[in-house]
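The block underneath contains the structure these notes are about, expressed in structure tokens.
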Amino acid sequence: MKELFKDAAKITNYNLILTIPLIIFVKVLDLYSMYSKYTVDSVPKFILASITMLFMFGVFCAAWFYMVERAVELSKKVFVLDEDRAKATLNLFKKIPEGIGKFFLSFVGVYLIFVVIQIIASPVVYLIGKGIIGSLDETSMLNLQKMTMDPAISSNQGMAAFIDKLTPEQIIFFGKWSLLFMVVTSIIMYCLMLWIPEIIYKNANPLKSLFTSLVKVFKDFFTSVRIFLSLWFMGFALLFINTFAIFNPVAYIIMSIVLFYFSVYLVVLIFLYYDRKFVEQSVNENSKE
């Protein structure tokens, strides 16, 4: 498995241009979210904004994930000159229209299915949390409502002021709920780990690929769990460091670059794992037959 992580790092380093579409999409999404926050004041505008976000998601994912798949395929080629590799890497941008044409509707479906998964999972998590953790008593709920209405919290004091006003019991309570959400989210993300590669490599139908990817995740359970946990802990460590980097502009810029790099590395690693385990292996088995 060490070779997989090393090779994923090499592919990421050779194809750093993959970060460009990702950065552009994140920044455009941030700007559009800020714009929508102040302009969406009616149901029709909300529906229009939601459809726009859906199409933005579909276009980006179709283009970018197809570029990643092409980058993994490109890594199998041997280049004599670095100039040839650089040209081949730059040609990945030419794959953007092809990716959109092939997978735009697939990722629109992914977005909608994921929304449905959230709708189903939310009440289930609430019932589990209520049974295991419990809920706040009426007095605590009233105090909590008063705190959220405090101008100091709703203005520039933000979350820090809110946390300062919480009692130790309330902090523990919310900590338990946060842990529950983190565990459930991690389990869902693990189950969906191979969904995107399955769409790109095998089946563009997002619903069918969801079920076939689940089978593949548990088919190679121990390897997939190790990969997921490794990426999870690396991501958690980076996000933890990033919370302290916010207070220093230079450190924050550096950590932003690191997080973008890690995002590309994460996706490349999962695609590379899928390619070697379920694409190359099946090709080898067919050639033997």
Quiz item: More than 12 heavy atoms of other residues, nucleotides or ligands under 6.0 Å from CZ of Phe93: is that the case?
Solution: yes
Exercise. Starting from the C-alpha separation in whole Å, work towards a yes-or-no answer on side-chain contact (heavy atoms from CB on, under 4.5 Å) for Phe103 and Glu69.
Key: CA-CA 12 Å; Phe103 301 109; Glu69 186 269 335; over 6 Å; no
Quiz item: Would Tyr14 and Leu74 count as a side-chain contact (heavy atoms from CB on, under 4.5 Å) if you check the C-alpha gap in whole Å, the side-chain angles of each, and the deciding distance to 0.1 Å?
Solution: CA-CA 10 Å; Tyr14 283 136; Leu74 192 65; over 6 Å; no
Self-check item: side-chain contact (heavy atoms from CB on, under 4.5 Å) partner of Val264, chosen from Thr12, Ile11, Val68, Leu16
Solution: Thr12
Quiz prompt | Ser224 side-chain N/O to Val217 backbone N/O, donor-acceptor pair under 3.5 Å | solution = yes
Exercise. Check for a donor-acceptor pair, side chain of Ser106 on one end and backbone N or O of Ala204 on the other, with a separation under 3.5 Å.
Key: yes
Quiz item: For Lys176, does the NZ atom have more than 12 heavy-atom neighbours from other residues, nucleotides or ligands under 6.0 Å away?
Solution: no
Exercise. Report the relative orientation of the aromatic rings in Tyr201 and Phe271; use parallel for angles under 30°, tilted for 30 to 60°, perpendicular for over 60°.
Key: tilted
Quiz prompt | Heavy-atom donor-acceptor pair, Asn242 side chain to Leu238 backbone, under 3.5 Å | solution = no
Exercise. Evaluate side-chain contact (heavy atoms from CB on, under 4.5 Å) for Val110 paired with Cys61, printing each intermediate quantity in order.
Key: CA-CA 10 Å; Val110 167; Cys61 290; over 6 Å; no
Quiz item: OH/Tyr190 to OG/Ser186 distance, rounded to the nearest 0.5 angstrom?
Solution: 12.5 Å
Exercise. Would you check if there is a donor-acceptor pair between the side chains of Asp7 and Tyr273 at a distance under 3.5 Å?
Key: no
Quiz prompt | Neighbour count above 12 (heavy atom, 6.0 Å) for Lys27 NZ | solution = no
Exercise. If the plane angle is over 60° it's perpendicular, under 30° parallel, otherwise tilted; pick one for Phe181 and Trp177.
Key: tilted
Quiz item: Can you say whether the rings of Tyr265 and Phe262 are parallel (under 30°), tilted (30 to 60°) or perpendicular (over 60°)?
Solution: tilted
Practice problem: Determine yes or no for a side-chain-to-main-chain donor-acceptor pair under 3.5 angstrom, with Asn15 supplying the side chain and Leu18 the backbone. | Solution: no
Quiz item: Where the side chain of Trp195 meets the backbone of Pro206, is there a donor-acceptor pair that is under 3.5 Å apart?
Solution: yes
Self-check item: Any donor-acceptor N/O pair, Thr185 side chain to Met182 backbone, under 3.5 Å
Solution: no
Exercise. Can you spot which of Tyr32, Phe107, Phe104 makes a ring pair (Phe, Tyr, Trp, His ring centres under 6.0 Å) with Phe55?
Key: Phe104
Quiz item: Taking the six-membered ring for Trp, are Phe278 and Tyr274 parallel (under 30°), tilted (30 to 60°) or perpendicular (over 60°)?
Solution: tilted
